[in-house]
Amino acid sequence: MSPIHSVVRPVVAAMTGYVPGEQPQDRRYVKLNTNENPYPPSPRVIAAVQAAAGADLRLYPDPVANVLRDRAAQVYGFERDEILVGNGSDELLNLIVRACVAPGDRVVYPYPTYSLYDTLVGIQEGTVVHVPYPDDFTLPHGLAEAGGRVTFVCHPNSPSGTPVPIEALRALARRVPGVLVVDEAYVDFADANALALVHECDNVVVLRTFSKSFSLAGMRIGLAFAPAPLIAELMKIKDSYNVTRLSIVAATAALDDGAWMQANVEKIRRTRTRLTGELAARRFAVLPSHANFVLARRPGESLEPVYAALKSRGVLVRYFAVPQLRDALRITVGTDAETDALLAALDDLGP
Ligand SMILES: Cc1ncc(COP(=O)(O)O)c(C=O)c1O
């Protein structure tokens, strides 16, 4: 073991989801494994970033990104001090766990869900409490009773794509003993969102990202909406300059062109319907998805060989090597051409 390995705490190495070689950026692959948007960001975003890529880059960014907070406040009906800008919503999840969780504290969430929650709680030496989803991925009982300092609900959930009725989230917010974090990374592809709960309950944080519906994963921008006192606490522990000048410009311009995002969302929803039907015709069980991906299952059958065979044919999808998901693949909704390539590769595998 090299010296550096002896000083890095083993929990980090054991729990991080990063697998070298599994995030290929080259164009040989049809990349349907990390739920990026297959369509480009608005031309207005690209023009704004190009205009900002000049001499001012020598200057630090605004540490609190007020231009973006003010635009987001207008668009979503909030006050500036109810919004925190993060380096992707991953940073915001990290800040919440660091702010709220001491070693041994319970952090509760329905499972399976976004794997980063496990990683962050593990690093903080909190106690992960998984409350299993039933087969239909409806919100399980027992979440509030599990007594989390933080309770996460991913809405719609990854990897299932399933939504939760807002009324159920409202009831949960009123019963949990700590903070309820509603991670709405994919909510622009769904029919309803939980933002109103932030104004109804003093313990709710709603997270959004520009990585999915706004096609800006490469810019790393997320937003937390929460009551002002909660935002003030998170603000204290963030890095001073946590988002770049160009990221602030890009996200602000993206909010200025909501119609572009909506048009892409509509295309993806149409392709999602088609993909769901085509997968069903190929012996996969697919729950109706409210996100930009679908979970395709063959109950009782390991899909790891299908994942590997698709990869060898140039199509990357996501396989989770955990017992609850070994019969499943999570497939990002790409363009229609990418969907055709996926279906052709599946047909090439045979029944
Ligand atoms: C459920 C969920 N939350 C948060 C994120 C992180 O998004 P970001 O790119 O904003 O860090 C992802 C990314 O895949 C996600 O799936």
Side-chain angles (χ1 to χ4, degrees), residues 16-19 22-23 25 31-38 41 65 68 72 83-98 107 109-121 130 133 137 139 150-164 169 180-190 193-194 205-226 234 238-239 242-244 246-248 250-251 254-255 261 268 289-295 316-320 322 325 328-334:
T16 179
Y18 178 71
V19 185
E22 280 299 280
Q23 279 84 8
Q25 298 293 320
K31 193 171 177 306
L32 304 177
N33 62 339
T34 51
N35 301 339
E36 287 133 328
N37 196 311
L68 174 55
I83 300 172
L84 177 66
V85 179
N87 193 290
S89 50
D90 279 352
E91 185 199 19
L92 297 166
L93 288 162
N94 191 344
L95 291 176
I96 292 165
V97 173
R98 277 171 47 212
V107 181
Y109 34 98
Y111 182 85
T113 189
Y114 186 34
S115 56
L116 185 71
Y117 308 153
D118 283 354
T119 308
L120 295 176
V121 178
H130 288 162
Y133 269 116
F137 280 89
L139 203 64
V150 177
T151 304
F152 288 115
V153 176
C154 184
H155 172 252
N157 187 47
S158 176
S160 56
T162 44
V164 175
L169 292 173
L180 175 66
V181 178
V182 186
D183 180 349
E184 293 203 326
Y186 300 101
V187 85
D188 288 329
F189 302 99
N193 71 73
V205 185
V206 171
L207 298 181
R208 295 289 180 88
T209 178
F210 285 78
S211 299
K212 312 297 178 180
S213 56
F214 286 104
S215 311
L216 285 173
M219 282 308 220
R220 314 303 304 124
I221 289 271
L223 299 176
F225 295 87
L234 297 176
K238 77 172 188 66
D239 282 351
N242 61 327
V243 286
T244 71
L246 296 185
S247 304
I248 294 168
L255 289 179
M261 178 273 273
I268 289 167
S289 169
H290 287 234
N292 68 336
F293 54 83
V294 300
L295 190 71
L316 286 179
V317 299
R318 186 72 193 266
Y319 174 74
F320 300 89
V322 298
L325 293 171
L329 297 175
R330 192 193 66 188
I331 305 173
T332 304
V333 180

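Ligands are counted one by one from 1 in listed order, and the atoms in each one are counted from 1 as well.
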Mark the output for Cys154 as yes if a heavy-atom distance to ligand 1 is under 4.0 Å, and as no if none is. yes
Do Tyr117 and Tyr111 have ring centroids that are under 6.0 Å from one another? no
If you round to the nearest 0.5 Å, how far is OG1 of Thr209 from CZ of Arg220? 6.5 Å
Under a 3.5 Å threshold, yes or no: a donor from one side chain and an acceptor from the other, between Tyr109 and Asn157? no
Give the atoms of ligand 1, by number and element, whose distance to some non-hydrogen atom of Arg220 is under 4.0 Å. 8 (P), 9 (O), 11 (O)
For ligand 1, which part of Tyr186 has a heavy atom less than 4.0 Å away: the side chain, the backbone, both, or neither? side chain
Are any of the heavy atoms in Glu91 under 4.0 Å away from ligand 1? no
Indicate yes or no for a side-chain donor-acceptor contact from Asn87 to the backbone of Val243 under 3.5 Å, with no hydrogens or angles considered. no
N or O contact, Lys212 vs ligand 1, cut-off under 3.5 Å: yes
Counting only heavy atoms closer than 4.0 Å, does ligand 1 sit against the backbone of Ser89, its side chain, both, or neither? both
In the protein, what heavy atom is nearest to atom 6 (C) of ligand 1, and what distance, to one decimal place, separates them? Asp90 OD1, 3.0 Å
Examine Asp183 against ligand 1 and note whether any of their N/O atoms are separated by less than 3.5 Å. yes
Of all the atoms in ligand 1, which lie at a distance below 4.0 Å from a heavy atom belonging to Ser211? 8 (P), 9 (O), 10 (O)
